[in-house]
Protein chains: 2
Amino acid sequence: MSKSIKCLPNKIHKMDRFLEICLLIILSKESGYGYILLGHLEEYGFSQEELNVGSLYRVLRGMEKNGLVSSVWETSSQGPDKRVYEITEVGKSELSWWMEVLAERREKIKFVLEKYNYLKESKLL
Amino acid sequence: MSKSIKCLPNKIHKMDRFLEICLLIILSKESGYGYILLGHLEEYGFSQEELNVGSLYRVLRGMEKNGLVSSVWETSSQGPDKRVYEITEVGKSELSWWMEVLAERREKIKFVLEKYNYLKESKLL
DNA sequence: ATATACTATATGCACAATGCACATAGAGGA
DNA sequence: TCCTCTATGTGCATTGTGCATATAGTATAT
């Protein structure tokens with residue numbers, strides 16, 4: 001079914017700013033620019049094909065606007081200029097706050113999955 | 001901070017149609033109408049104050065529009081008429097599909113939380 | 001020289017999901 | 001008559017996201 005093979009991967013990450021959260025974690029380890037962050041995101045399940053680059057850049061701009069990251073232009077001998085992002089203290093505390101949210105989300109999901117499995121076992125479904 | 005005490009509970013459920021998923025599970029057990037579903041939702045973490053009733057009703061109407069549930073009006077001796085919802089076969093298979101999505105979301109969240117904890121332990125944060 | 005591919009960043013438009021506020025109305029009690 | 005509780009819904013705006021497109025520098029091959 002087209003839904004299962006196409007929509008499922010896209011649905012998984014649809015969790016209110018999940019991309020932003022992943023970016024904050026990646027940038028906690030080391031600074032980076034948009035195009036290279038694309039690669040780092042694969043580890044988090046964002047395949048190059050799924051993730052549309054436009055969203056990534058827009059999210060990054062938004063994060064700087066909100067003070068979570070700061071950027072500087074870096075001129076390289078090879079390739080176009082890169083806007084390199086660095087996480088700020090505000091970004092770090094925001095990340096810490098998001099981790100609380102994620103922990104709670106995880107619990108909610110766990111609860112729902114268990115409810116469903118119980119229904120299955122009870123032959124109610 | 002107002003963010004921590006006010007926004008966190010709202011953010012937790014912001015996972016693309018989480019309300020719809022919960023409703024599908026509740027309606028799998030037994031049919032029900034909007035106002036009473038409000039009560040059942042507390043178990044899933046939707047407190048009466050947080051959850052705005054309008055959204056609930058709109059989601060239910062949308063679910064019927066998409067064939068996930070069907071409704072009949074029930075006239076009661078006490079109180080206004082109730083629109084009682086029942087899950088359909090389409091709704092059941094949709095629910096099964098959502099459980100796959102939730103399982104994957106859970107894994108993504110787990111991955112991110114572990115990444116963060118590793119950063120903490122490594123004193124990188 | 002020219003074309004193509006790769007690197008790199010960004011915007012315009014549209015849609016779906018959600019939140020806030022408000023509208024409607026029946027029933028029961030003070 | 002007024003208020004509260006039950007019960008269902010709509011209007012409007014905002015946010016998050018996706019798709020398509022624009023822009024431009026660099027490298028490599030033809």
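On a predicted model such as this, the values are computed, not experimentally measured, just so you know. Throughout, a chain's letter reflects where its sequence line sits, starting with A, and its residues are numbered from 1.
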Item to check | Between Arg61(A) and Tyr85(A): side-chain donor-acceptor atoms closer than 3.5 Å | outcome: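 Note: Arg61(A) and Tyr85(A) side chains meet the donor-acceptor criterion.
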Item to check | Selection from dT7(C), dT17(D), dA17(C) that lies nearest to any side-chain heavy atom of Tyr35(A) | outcome: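 In terms of side-chain proximity for Tyr35(A), the closest of dT7(C), dT17(D), dA17(C) is dT7(C).
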Considering just the side-chain nitrogens and oxygens of [X], establish if one lies under 4.0 Å of OP1 or OP2 belonging to [N].
X: Asn52(A); N: dC19(D); answer: no
X: Tyr57(B); N: dT8(D); answer: yes
X: Arg83(A); N: dA10(C); answer: yes
X: Tyr33(A); N: dA8(C); answer: yes

Checklist outcome for this item: Assign each of Arg58(B) and His13(A) the nucleotide of DNA chain D bearing its closest heavy atom; nearer the 5' end lies the nucleotide of Arg58(B)
Next on the checklist: Assuming nearest nucleotide by heavy-atom distance, tell me which of Lys14(B) and Ile36(B) is located more 5' along DNA chain D.
Outcome noted: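 The residue whose closest nucleotide sits nearer the 5' end is Ile36(B).
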In this structure, how many angstroms lie between the [atom2] atom of [N] and the [atom1] atom of [X], rounded?
X: Met15(B); N: dT18(C); atom1: CE; atom2: C1'; value: 14 Å
X: Phe46(A); N: dG18(D); atom1: CZ; atom2: P; value: 9 Å
X: Asp16(B); N: dG16(D); atom1: CG; atom2: C1'; value: 10 Å
X: Arg61(A); N: dA10(C); atom1: CZ; atom2: P; value: 5 Å
X: Met63(B); N: dA17(C); atom1: CE; atom2: C1'; value: 14 Å
X: Glu50(B); N: dG19(C); atom1: CD; atom2: C1'; value: 13 Å
X: Arg17(B); N: dT17(D); atom1: CZ; atom2: P; value: 15 Å
X: Glu20(B); N: dA17(C); atom1: CD; atom2: P; value: 8 Å

Checklist entry - Do the ring planes of Tyr44(B) and Phe111(A) sit parallel (below 30°), tilted (30 to 60°) or perpendicular (above 60°)? => result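 Perpendicular.
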Item to check | Residue among Glu86(A), Glu64(A), Lys82(A) satisfying side-chain hydrogen bond (donor to acceptor under 3.5 Å, both in side chains) with Ser71(A) | outcome: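 That would be Glu64(A); it is the only one of Glu86(A), Glu64(A), Lys82(A) passing the side-chain hydrogen bond (donor to acceptor under 3.5 Å, both in side chains) with Ser71(A).
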Checklist entry - Hey, is CD on Gln78(A) packed in by over 12 heavy atoms from elsewhere, all under 6.0 Å? => result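 Not buried by this count: 12 neighbours or fewer within 6.0 Å.
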Checklist entry - Is Val59(B) touching bases, backbone alone, or none of the nucleic acid, heavy atoms closer than 4.0 Å? => result nothing
Next on the checklist: Mind checking if Tyr85(A) touches a base, just sugar-phosphate, or nothing, with heavy atoms under 4.0 Å?
Outcome noted: sugar-phosphate
Next on the checklist: Tell me whether Arg105(A) contacts the main-chain N or O of Met15(A) through its side chain, where contact means a donor paired with an acceptor under 3.5 Å.
Outcome noted: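 A pair under 3.5 Å: yes.
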Next on the checklist: Would you say Leu119(A) ends up clustered with Val90(B) if hydrophobic residues are merged whenever their side chains have heavy atoms under 4.5 Å apart, either directly or through other cluster members?
Outcome noted: yes
Checklist entry - Of Leu68(B), Leu27(B), Ile25(B), Leu23(B), which is the lone residue that meets side chain to side chain contact (heavy atoms under 4.5 Å, CB included) with Leu95(B)? => result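 Result for side chain to side chain contact (heavy atoms under 4.5 Å, CB included) with Leu95(B): Ile25(B).
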Atom pairs, N/O to N/O, protein against nucleotides 21-25 of chain D, distance under 3.5 Å?
none

